[in-house]
There are 2 protein chains.
Amino acid sequence: MSRAPQNASSSGLLRRINAVSVLDFAWANDVFTATEAMDATGLTRSTVISRCAELIELGWMREVERAPEPAGKGRPARLYQLRADAGYVVGVDAGQHRVLATVSDLRGAEVGRQEHPVDRAHDNASDRLAVTDTTIDEALAAAGVDPARVLGIAVGVPALTDAQGATPPGPNTFWARMNPGFAEHFRDRGWHVTVENDANLAAHAERALGAGRDVGSFAALLSGERFGAGIVVDGALVRGSYGGAGEMRLLDYVVGVGSPHGLGSLARIWGREAHESGALPADSALGALPTSAIDAPAVFAAAAAGDVGAIALVDRLADRLARVCAVIDGMLDVDRIVVAGGVAPVVGDLLRRTATILDGMVHPPAPELVASSFGADAVIVGASTLALERVRTDALDLALGVVD
Amino acid sequence: MSRAPQNASSSGLLRRINAVSVLDFAWANDVFTATEAMDATGLTRSTVISRCAELIELGWMREVERAPEPAGKGRPARLYQLRADAGYVVGVDAGQHRVLATVSDLRGAEVGRQEHPVDRAHDNASDRLAVTDTTIDEALAAAGVDPARVLGIAVGVPALTDAQGATPPGPNTFWARMNPGFAEHFRDRGWHVTVENDANLAAHAERALGAGRDVGSFAALLSGERFGAGIVVDGALVRGSYGGAGEMRLLDYVVGVGSPHGLGSLARIWGREAHESGALPADSALGALPTSAIDAPAVFAAAAAGDVGAIALVDRLADRLARVCAVIDGMLDVDRIVVAGGVAPVVGDLLRRTATILDGMVHPPAPELVASSFGADAVIVGASTLALERVRTDALDLALGVVD
DNA sequence: GGCATTAAATCTAACGCTTGCATAAAATTG
DNA sequence: CAATTTTATGCAAGCGTTAGATTTAATGCC
């Protein structure tokens, strides 16, 4: 009977644990001294310095020359720093009508971005992969980043995906078109790939950097053409086997809702209906527009300007949104609901009206309603955030492409 | 600047990690040899034996005399075993109308049980605490277990609870009555306490021992007087800040549902309505019963016997249940829905009818519908399971009361 | 400029824990 | 009883840590 051979001390387990502690500290801070790391990690100076040396050797950190300026009393400390340029992550928002890609460094700072439309004529699997490749390559070129230094990529798609990033086969050809095998495609390029539903990525963005930072449970409600929620409960994203948690197919069965239409499409549809049926008051600024110009921004802008007809539409939207929120809260007991997507910047008034209605619908305390600060970038921010988190999680298992 | 002093080797971290590995192996197996533990943990024989010695010293394990029987070829191995009687956990199902308590050993085997009703006259905080204490003490006495050897207790209540086991204050006096400060009360007895919503405990039971073992995501739907679900997604219970995930307050807003009534109460209410309105066919066995004898078991039994009137009721229940399941699945994309509670043993037929309706309501694949095998014990099994899991998680931090 | 002061880095010994190997023990088989 | 097999034990070596003494590099004061 042969057992796997081991190094001393359980395969250097302790050494590894301590290296992770130090690297985590480096990630959470900018320039730091050994003493600061000692306080944060509880390790000895010897250990901290030894782990730092190892991390420098591996390419994750560097020692920086001390700024000539400050200087305290005693011997000046050596300064360490995470090498933000030791590697990069790619985030992709592969939406129905356009593909957006960003390149970010290890600190999450965006260093390159590119976008290309996907028109109806090219809405097929191979074209979608090709345009995505082009978009990524151009974003990398714009950032001046060698593709070999990409440590991970996350792709957001308007489709269900399983834990491996595959979209389950089924009658829904839309999903299959939206996710034409991204996972396998990018794995072939040698990258660590995550493919995730767009609403779930919006939730990741809020959790890491947005309105989800200070609460245990919240829902990020993408509210453009269709409602779709990414749900974080107890600090973790609720996915389900196919990432379909929060897909809100159940809205068909909710009284006063009945469809998955989001705020953007409802504002447009109802606005045009009101316009054509002559239901708008005579002095309505909305009424003066051509029908085809009526869309969500126009409706919200008119309402903000005091247009009575538009305000009636917003009230109607508030009722709809309140019901959607009541369903989410009734099912998941979230502390906050973050309205995300392209409409987020203009829904302030709507949310105030919605909150009043919601108070009467749910068991107190009602979830807090806030607008996302990411606007149309929620998905792409979530993608790069998630890619970066994956890199951080198993940083010590990754070989950095180039070390100088 | 003073830093907390440390032992060598990071506070014995490695030693601890290895001890946990060995103890976990002991928990997962019955009698075992050092060689078996070596294979499972990847540790050396010296290390395994040394950790076993430590665990025996601490009281968690024992060395057992080798059975004279089997014997292989070489030197016979020493045999180790978890001491199932090293400590005990108490599970409590503190329901509205009765309190049930069990005592289980470290392997989860029930060694004592007691039950007491809570009638309306004693439905107040102090009486509820008193009858619970009595029930537990009698269960311990029946098991012959010294209360000092209790390592943890979990209490299931029909109320929301936060992570500390407290029920949030609010207008709902029912919840406050159902959870009259159990957490603090039992902490005063020196026990590690968990207080958790009953539906969530049912979900824990299914996850650990029941129909949730082989799927990543499922809902345990308590279906007696009121619907209430405990939800497990990606292997973890979805709680929310107050454990209210799955509380299903949203049923009020679902088309064709409109109330939180569960299968038990609906069968009774609809059955009696049909009886009194003369809607039951002349040859219905159900119709021959006095109105007050019509309840869920009677309805299901009659339907199983072919009673046309009862079958119509079951069909109506199936429609209601399908809508509830569609809502859960639409929101959470679960792989399976486990119908639990007292009605579980008799809902086989109902679930088959429900599955057909559900197929037409949700996006495929529809969640699988199964009946819980725990019947009315789902909550108490979940309570003892959860208490035991908590003990396992921080076993090495617990001092065993008595070591001989 | 010399010198005390301060704080960080470095060096060394000791320690805890694990591994690996040699050796001993306890059984079976021929 | 000897050979074989398997496990247990004892011991040296090594890793990685901690603790503490020593050295180094700065400042400030005389």
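Reminder, nothing fancy here: chain letters follow the sequence lines and each chain counts from 1. All values reported here derive from a predicted model rather than from experimental measurement.
- A donor-acceptor contact shorter than 3.5 Å is absent between the side chain of A:R51 and the backbone of A:V48.
- Using a 4.0 Å cut-off, some side-chain N or O of B:T47 falls inside it from OP1 or OP2 of C:dT19.
- Taking the salt bridge (charged side-chain N to carboxylate O under 4.0 Å, His left out) definition, one finds that B:E63 meets it with B:R78, sequence neighbours left out.
- A:T102 places no side-chain N or O within donor-acceptor distance of the main-chain N or O of A:G112, the cut-off being under 3.5 Å.
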Between side-chain atoms of residues 24-32 of chain B and protein atoms elsewhere (two or more places apart, or another chain), which donor-acceptor pairs fall under 3.5 Å?
{"unit_1": "B:W27", "atom_1": "NE1", "unit_2": "B:L106", "atom_2": "O", "d": "2.7"}
{"unit_1": "B:N29", "atom_1": "ND2", "unit_2": "B:F25", "atom_2": "O", "d": "2.9"}
{"unit_1": "B:D30", "atom_1": "OD1", "unit_2": "B:Q81", "atom_2": "NE2", "d": "2.9"}

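- One can place CE of B:M38 at 14 Å from P of C:dT18, the figure rounded to the nearest angstrom.
- Rounding to the nearest 0.5 angstrom, the gap separating the CZ atom in B:R392 from the CG atom in B:L82 is 8.5 Å.
- One finds the CG atom of B:N18 at 10.5 Å from the CG atom of B:L55 (value rounded to the nearest 0.5 Å).
- Atoms CD1 (B:I17) and P (C:dG16) sit 18 Å apart, rounded to a whole Å.
- Not counting sequence neighbours, A:R390 has no partner by the salt bridge (charged side-chain N to carboxylate O under 4.0 Å, His left out) test.
- Separating the CD atom of B:E36 from the C1' atom of D:dA8 is a distance of 16 Å, rounded to the nearest angstrom.
- Summary of helix geometry: the two end axes of the helix from C:dG1-D:dC30 to C:dG30-D:dC1, each defined by five base pairs via their C1' atoms, are inclined to each other by 20° (rounded to 10°).
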CA sep, side-chain torsions, deciding dist, call: B:R149, B:D105, salt bridge (Lys or Arg N to Asp or Glu O under 4.0 Å): CA-CA 10 Å; B:R149 304 194 69 160; B:D105 67 20; over 6 Å; no
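- DNA chain C is contacted by both A:A34 and B:A19; A:A34 maps to the nucleotide lying nearer its 5′ end (nearest heavy atom per residue).
- One interatomic measurement links the two molecules: CG of A:L14 to P of C:dC15, which rounds to 19 Å at whole-angstrom precision.
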Strictly under 3.5 Å: I want the nitrogen or oxygen pairs between protein and nucleotides 4-6 of chain D, one per line.
{"unit_1": "D:dT6", "atom_1": "O2", "unit_2": "B:R75", "atom_2": "N", "d": "2.7"}

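- A:T33 comes within 4.0 angstrom of nothing in the nucleic acid, heavy atoms only.
- For B:A77, the listed nucleotide lying nearest its side chain is D:dT7; candidates were C:dA9, D:dT7, D:dT18.
- The CD1-C1' distance, from A:I49 to C:dA8, rounds to 8 Å in whole Å.
- In this structure, of C:dA9, C:dC17, C:dG20, it is C:dC17 that holds the atom nearest to the side chain of B:R15.
- For the salt bridge (charged side-chain N to carboxylate O under 4.0 Å, His left out) test, no residue two or more places apart in sequence or in another chain qualifies with A:E184.
- Summarising the geometry, the separation between CD on B:E65 and P on C:dA27 is reported as 11 Å, rounded to the nearest angstrom.
- For the pair A:S46 and B:S46, both in contact range of DNA chain D, the more 5′-proximal nearest nucleotide belongs to B:S46.
- Taking atom CG of B:N18 as the reference point, atom P of C:dG16 lies 17 Å away to the nearest angstrom.
- Counting to the nearest Å, the C1' atom of C:dT18 and the CD atom of B:E54 are 14 Å from each other.
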